[in-house]
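A, B, ... follow the sequence lines: proteins, then strands. Residue 1 opens every chain. Since the model is a prediction, treat every value here as computed from it, not as a measurement.
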Amino acid sequence: MNHGDTLLQVKDLKTHILGRDGLRVTKAVDGVSFDLKRGETLGIIGESGSGKTMTALSIMRILPEAARVISGEILFNGENLLKKGDAEMRRLRGEQMSMILQDPMVSLDPLFTVGSQLAEPLKVHRRLSGAPLANRMTELMSAVSIPSPETRLKQYPHQMSGGMLQRIVGAIAISCDPQLLIADEPTTALDPTVQAQFLDLLETLRDSKHLSVIVVTHDFGVAARLCDRVMVMYAGRVVEMGPIREIFDHPRHPYTKALLASIPDATELGARRLRSIEGSPPDLAMLPPGCPFAPRCPSVLERCHREYPGEFRIASEHVASCWQVSAQ
Amino acid sequence: MTQYLLEADNLVKHFPVGRGGGFRQTNRPMIKAVDGVSFKLEAGTSLGLVGESGCGKTTTARLLLRLYDVTAGSIRFGGEEVQNATGKPLRAYRNQVQAVFQDPYSSLNPRMRVRDIVAEPLVAQGQMGRKELRDWVNELLSVVGLDANAAHRFPHEFSGGQRQRIAIARGLALRPRLVILDEPVSALDVSIRAQILNLLQDLQDKFNLSYVLIAHDLDVVAHMCDVIAVMYLGKIVEMGTADSISRAPAHPYTQALFSARLPARPDGRAARIKLSGEIPSPLNPPPGCHFHTRCPHVMARCRSAQPPLTTLPDGRIAACHLLGPA
Amino acid sequence: MLRYFFSRLRLAVITILGVSLIVFVTSRMSGDVTLLLLPQDASEADIKAMQHELGLDAPYYVQYYKFLRNVADGDFGESLRYREPAFSLIMSRLPATLELAFSAFILSTIVGLLMGIVSARMRSSWIDYFSRIFSITAQSMPSFWVGIMLILVFAVELHWLPTSGAQGVEYLVLPVVTLALVPIASTLRITRSAMLQTLDADYVKFLRVKGLREQFIVWKHALRNALVPVIAISGLTLGFLIGGTVIVESVFAWPGLGNLMVESIFTRDYPVIQAGVLVTSIFLIFLNLAVDLLFGVIDPRVRFG
């Protein structure tokens, strides 16, 4: 089935976390909508608590127990994932959609060899065994440039470096040739040169396997390196979304602007002080009415405290949710 | 001659590894975590230590904090040798050298009120009266940008950035002259980092503090520091002004490290120097130049002879056969 | 793995030597044996002669060396009460105790593991609450009281099971249940918390990403990880069980080592007490060695550490 250019469509997704007492509700994701085209790389940028990871987990439907998707639609190849049964969802996971987690050191079961963990999805989804399985595994290990794969497959996670483990996690994630790959802070735990190597690998895999990729990150640098488009989240909502160059060259939301201005840059020394954003991110269980960024916003209007701004279109693909933008 | 606040001379720290089983300790393998590191730091300036895991930057910081004993080498602080100090001189040194660590969640005792956390080093010292103590704690809290009523609250009532402010206030309580900053912002949210970096700079100006900053984020280090030392497998491979190192790195490793920085802009996807292979084990570093196994410019000489640190025309030092006298 | 084995073995030997030293020293500290053996009006010369005969006048290191040699030959001296070698007395009672302890160990491991897993999987359900109340209750009831209650209900009132003795499998049920109650509770608690922690781990999240069945994740990956701490305490559990038999054997008149030890303590039968302590210690040390090896089998980080 072909659903045109769009692989994934998320419409007004709300994922809330219920507190133990049942009273405290954290609006982790609060009305998020976006599309992902085939072959496209979308960056979801946000701080901790922005809802970026919860959005990713909602798509994969592997939310923690206390979290629930309250409303919305997640269309994957035109089919609503939220309507699928557990068994059906399991068949999609690992086969058509996959994910890389933040810390490779804890992404693999320490008691099993990496080989047996690489074999699992191939056995389950592809029903491979014997020589075809072994061949496929070696092939995958070389796809993520791991030297002497036969030896490595017999080793345990603790015998390898973080960079190597993350490449193995990558190999597992792409083992069944998925259409969608979500990478949640894939390089945050890695050293700089290893991080650069892994981002290269991700790019190569994306281009050679025609993957659509969602990169979840707090780092504009990672987005600048990999993404075609980015979506900036704050307090469970999308505050700005647009092509990567648009966002960097003409950010419109005050949060995006402030974040970009607050990042130090080794190539532009001399500016002694960084522009900082005062205050800290809000408590998602006690969101004020209106725009959640209003208390920290340098250009706040009276209206911002009362009403949440809708989405305003700036260019064909560039949108922002801000009353300032609407006023201009 | 310049009077340096801190002078580290040929610092060496070896760790024995493996369960030797107890009896024969002599022939156990050694990790040369820090292997001949020297630098000088003037009062009121900052030194950045950069390098990847296993390069020895954290061990160096712990040697400076006297959390580890040096295997060899000396640390001079205000002209006094302190690497073997014990008793009163050691306490005096420790009062003047404080640390701020990465994780503001685990470095504060959750059962103590903020005022007690901040006052703890002073109470331990026991030289201040109650009133004087309270005033100083309040002043410290206001210096790091916290409300006076923060004093009565517990750490869990604060966000990550505020907790790091509390940790900084505690670090300043004894009016130190040197503060070791070990990844002070990497656990913080992006929107908070600039606040803390600005605060650290303000405090440096106000109290004439010296910093030794460890961070994996090269942009943060370049922004904060006057001098950067790049370490690889226990040795400094290049050291110079932040400006010279970040604009024109000379050592092939520094070049690779800085070229691996994430681009500041989407069109900044610059040509990157790709390193092959992984960082070798510090247990068994390669002979010759430790970096030769990954160096794109490796020559025959690099595999056998260790290049000495030599001074380049612009004043920086680097250890590479390409840069040294022919 | 071999290096790991030898390092553990060496530790075990050192521990055995330590225990033997403690047994030796305490037996010398508990008074002069000659005074017990001789009549009260024995002369100084008689005492000296007796001490010489028993080798008690030699230097301590010589005595200890002899003691070790005798122990190695299984010679702990004669029981003062039964007039037969203490060692063979111990060995004749040991199997009954081991039967009790191992049955309780198997029961507590199986029941504790199952309840722990179910409790963790169905967190905050009524099963979970029941398990938690059960484990607190079980750990706070003294075993002699539990034993008597079980006898009252199942033997005296219901006549389902015999009150005491050891003439068949049905005689095993009540003492084993009594003995296993506390270790069931501790195994349950450890399994539950280990399981909760494991199910929360990132690698379990990644197993879900791979599209594996939840049952497979729980029973293959999570259980094996949760087993690590359970195995780690199983050495302690066994020690607890073997020590616990002393009381349970008395309550159920079980003809095991525990009963013999209690008798020997009351009658000051030192050779038997010494032999009993040393034999059970050595036994436990080897059990712990086996546990350590099992640990190495299940956790590669230990094996290759």
Side-chain angles (χ1 to χ4, degrees), chain A residues 20 53 56-57 59-66 86-114 116-126 154-159 165 168-169 172-173 175-176 178 181-182 184 189, chain C residues 1 3-4 118-125 127-129 132 191-232 293-305:
Chain A
R20 277 229 169 141
T53 296
L57 296 181
I59 296 168
M60 292 297 288
R61 292 229 356 229
I62 49 167
L63 286 168
E65 237 174 275
D86 284 348
E88 220 177 332
M89 198 57 215
R90 221 170 30 235
R91 277 194 291 279
L92 284 177
R93 267 202 304 266
E95 159 131 65
Q96 298 195 30
M97 48 200 292
S98 199
M99 189 165 171
I100 295 172
L101 307 179
Q102 176 170 357
D103 189 351
M105 301 307 253
V106 293
S107 293
L108 297 177
D109 188 332
L111 304 187
F112 291 84
T113 60
V114 298
S116 78
Q117 303 190 56
L118 174 58
E120 280 168 344
L122 294 166
K123 285 180 183 166
V124 171
H125 299 295
R126 290 273 186 261
K154 287 189 201 105
Q155 287 186 325
Y156 289 91
H158 75 276
Q159 294 169 297
L165 282 177
I168 288 171
V169 168
I172 296 176
S175 59
C176 298
L181 179 69
I182 301 178
D184 185 5
Chain C
M1 187 73 194
R3 224 183 79 198
Y4 174 71
V118 172
S119 200
R121 288 278 289 134
M122 309 178 73
R123 191 181 183 181
S124 302
S125 68
I127 298 182
D128 187 23
Y129 284 114
R132 282 153 74 182
T191 310
R192 180 180 181 273
S193 72
M195 203 70 187
L196 283 177
Q197 211 172 26
T198 310
L199 287 174
D200 219 32
D202 273 14
Y203 59 79
V204 167
K205 198 196 273 178
F206 192 56
L207 290 168
R208 295 196 176 118
V209 166
K210 290 198 251 182
L212 304 180
R213 301 173 69 88
E214 195 65 18
Q215 294 302 327
F216 180 85
I217 295 173
V218 169
W219 292 100
K220 183 176 170 196
H221 289 278
L223 178 62
R224 184 148 172 192
N225 277 282
L227 271 180
V228 172
V230 175
I231 292 173
L293 293 182
L294 192 58
F295 213 50
V297 169
I298 205 158
D299 192 339
R301 286 164 298 187
V302 174
R303 196 155 71 232
F304 295 100

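Of the listed residues A:G94, A:S98, A:A87, the one with more heavy-atom pairs under 4.5 angstrom with chain C than any other is A:G94. Of the listed residues (C:D299, C:T198, C:L212), the greatest number of heavy-atom pairs within a distance under 4.5 Å of chain A belongs to C:L212. Counting heavy-atom pairs under 4.5 Å between each of A:V169, A:L92, A:I182, A:D86 and chain C puts A:V169 at the top.
Here A:R126 pairs with A:E95 under the salt bridge (Lys or Arg N to Asp or Glu O under 4.0 Å) rule; sequence neighbours left out.
Under a 3.5 Å cut-off, the side chain of C:H221 and the backbone N or O of A:L111 do not form any donor-acceptor pair.
Surrounding CZ of C:R213 are at most 12 heavy atoms belonging to other residues, nucleotides or ligands under 6.0 Å away. Heavy-atom neighbours of A:Q159 CD from other residues, nucleotides or ligands within 6.0 Å: above the threshold of 12.
Atoms NE2 and NZ, from A:H125 and C:K210 in turn, are 9.5 Å apart once rounded to the nearest 0.5 Å. Taking CG of C:D202 as the reference point, atom CE of A:M105 lies at 13.0 Å (rounded to 0.5 Å). To the nearest 0.5 Å, atoms NE2 (A:H158) and CZ (C:R301) are separated by 8.0 Å. Here the straight-line distance linking atom NZ of C:K220 with atom CZ of A:F112 works out to 5.0 Å at 0.5 Å rounding. If you take CZ on C:F206 and CG on A:D103, they are separated by 12.5 Å, rounding to the nearest 0.5 Å.
With a 4.5 angstrom heavy-atom cutoff, C:R123 touches chain A only via side-chain atoms. For A:V124, the part lying near chain C is the side chain, with the backbone staying farther off; criterion is any non-hydrogen pair under 4.5 Å. For A:M99, the parts lying near chain C are the backbone and the side chain together; criterion is any non-hydrogen pair under 4.5 Å. For C:V204, no part sits under 4.5 Å from any heavy atom of chain A, backbone or side chain. Interface residue A:Q117: backbone and side-chain heavy atoms are both found under 4.5 Å from chain C.
Residues C:Y203 and A:L108 share a closest heavy-atom pair of CB-C, 3.4 Å. C:P300 and A:P110 get closest at one heavy-atom pair: CG-O, 3.2 Å.
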Intermediate values then yes/no, side-chain contact (heavy atoms from CB on, under 4.5 Å), C:K205 and A:L57: CA-CA 10 Å; C:K205 198 196 273 178; A:L57 296 181; 4.2 Å; yes

